[in-house]
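Below, each value reflects all heavy atoms present in this structure, side chains not excepted, and no hydrogens, waters or symmetry copies. One-based numbering, in listed order, for ligands and for the atoms of each.
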Amino acid sequence: MIDKKLQNFDIYKFQDNLIDWYQANKRDLPWRKDQDPYKVWVSEIMLQQTKVDTVIPYFQRFITKYPTLQDLADADQQDVLKTWEGLGYYSRARNLQNAVREVVSEYESTVPANPKELGALKGIGPYTKGAILSIAFNQPEPAVDGNVMRVLSRVLKVEDDIAQPKVKKGFENLTRELISNEDPSSFNQGIMELGALVCTPKSPMCMLCPVQDQCRAFDEGIEQDLPIKSKAKKQKTIPYVALLIRNEKNQYLIEKRSETGLLANMWQFPMAPIEEIGMDHIESWIDMEYGVQVTLGTKKGKLRHVFSHLIWQLDVYEATTDSVQVTDSRIKLVDSDELNDYPFPVSHQKMMKYMREE
Ligand code: SF4
């Protein structure tokens, strides 16, 4: 059982070796320059599901544009989405801004250091809460993500399925026992850094590892077999015809997605769910949905966008229309050079490349 894993384990030795290694080897990352809770918060939200190298320029741009909680609270949501454009998982940006607005109005612009208050803010789950409390406020709170579960599964030879929520909870309890009370910030960041740089998913570099002599998986030569993780369900693929509809003034038809759900409030080119509509009925479907008569042109290319739970398969077509105005406020005809003013998901930014080739 996971809770018995710390028997005969020298916790203090583990903490010391991990923290010393972290102090000597930590990467120079922009969010590590100070312990400002707002910056730690932004960085932790950006780092969810996203690699460090990808996050760095986004973080720098974001903090330059919104240096304080107040600046982000006052910003227009469309501007925030535009700044986040390309980073994906856009609900993170919307939730962050909503939570920051709550901090400004309810907590006098001070990020709460209380686990209950912090954890009640939108978009702050147990991991992010633990990361902010430990890194910014030096509180011994666990921050358990996939990296941490991988390292601890190996060090302590945990053979439970880390995809199960109750196992994650078990790791949180375990980390509460393991964490350094003197330096919880370096402890948590140390495990994360070890998982990112040394105890990697494939081919961990055990020869460079500061906790190798306490690692049970290494001792038994089974480090490549851990952690145990059951496969997520396969994503469903949905085919769409995505349309670059242009009028004679060289304007393109774009629409704003709904206020809730996937990619809420982002902009996109029209997408026809082709299995439901059928290729022969695309023009009439566009007329019904957008009030615009179009003539379908040639196919320009194919794109795929993989979300965590589904895949869009986009066949990109060009189309022309005589319309110069639209009536629905969520639909716009915009000049091609104005498209950059709107936040688009990555797959639709890629569609713009087909336009520029014309
Ligand atoms: Fe990971 Fe190897 Fe270190 Fe064990 S010894 S924690 S498997 S890198």
Side-chain angles (χ1 to χ4, degrees), residues 1-29 32 44 47-55 126-128 130-131 134-135 140-232:
M1 291 308 286
I2 201 166
D3 53 343
K4 302 269 187 311
K5 292 288 178 181
L6 291 178
Q7 284 173 1
N8 305 320
F9 187 80
D10 188 340
I11 292 175
Y12 296 111
K13 181 178 169 188
F14 181 77
Q15 292 172 349
D16 288 347
N17 286 338
L18 182 70
I19 291 171
D20 288 352
W21 174 84
Y22 175 68
Q23 295 299 353
N25 293 282
K26 64 181 172 190
R27 288 168 291 179
D28 183 19
L29 300 173
R32 288 186 178 153
E44 288 299 337
L47 286 164
Q48 290 167 7
Q49 330 269 352
T50 313
K51 291 198 177 94
V52 165
D53 290 349
T54 308
V55 167
Y127 167 78
T128 310
S134 60
I135 299 170
E141 282 285 322
V144 171
D145 67 354
N147 265 340
V148 173
M149 287 196 285
R150 181 173 63 257
V151 174
L152 293 182
S153 287
R154 289 170 173 171
V155 172
L156 299 168
K157 197 187 163 194
V158 177
E159 292 169 299
D160 299 330
D161 178 3
I162 64 165
Q164 289 186 18
K166 70 168 193 288
V167 174
K168 185 166 185 214
K169 194 91 203 123
F171 275 107
E172 281 168 8
N173 295 337
L174 204 65
T175 308
R176 270 187 204 285
E177 311 260 320
L178 266 180
I179 197 167
S180 157
N181 285 316
E182 282 74 45
D183 191 355
S185 170
S186 297
F187 180 91
N188 275 348
Q189 292 189 85
I191 298 204
M192 292 175 208
E193 198 79 338
L194 189 68
L197 299 181
V198 177
C199 194
T200 46
K202 287 182 190 139
S203 314
M205 290 173 274
C206 302
M207 291 307 144
L208 302 175
C209 180
V211 296
Q212 188 213 78
D213 71 340
Q214 286 186 280
C215 179
R216 294 170 182 160
F218 176 77
D219 190 42
E220 294 186 26
I222 56 167
E223 64 275 6
Q224 305 264 19
D225 303 328
L226 293 174
I228 309 285
K229 188 177 182 189
S230 57
K231 290 234 177 327

### Task
Rounded to the nearest 0.5 Å, what's the gap from CG on L152 to CD1 on I191? Could you check?
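So the CG of L152 and the CD1 of I191 are separated by 4.5 Å.
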
Can you name the nearest heavy-atom pair linking [X] to [Y], along with the distance?
X: K5; Y: K157; answer: NZ-O, 2.7 Å
X: P184; Y: S134; answer: O-CB, 4.1 Å
X: Q212; Y: C206; answer: NE2-O, 3.0 Å
X: E223; Y: R154; answer: O-NE, 2.9 Å

### Query
How many protein atoms of type N/O/S are positioned less than 2.8 Å from atom 1 (Fe) of ligand 1?
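Under the 2.8 Å cut-off, the count stands at 1.
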
### Message
Could you walk me through whether V158 and L226 satisfy the side chain to side chain contact (heavy atoms under 4.5 Å, CB included) test, starting with their C-alpha distance in whole Å, then the side-chain angles of each, then the deciding distance to 0.1 Å, before giving a yes or no?
### Response
CA-CA 8 Å; V158 177; L226 293 174; over 6 Å; no

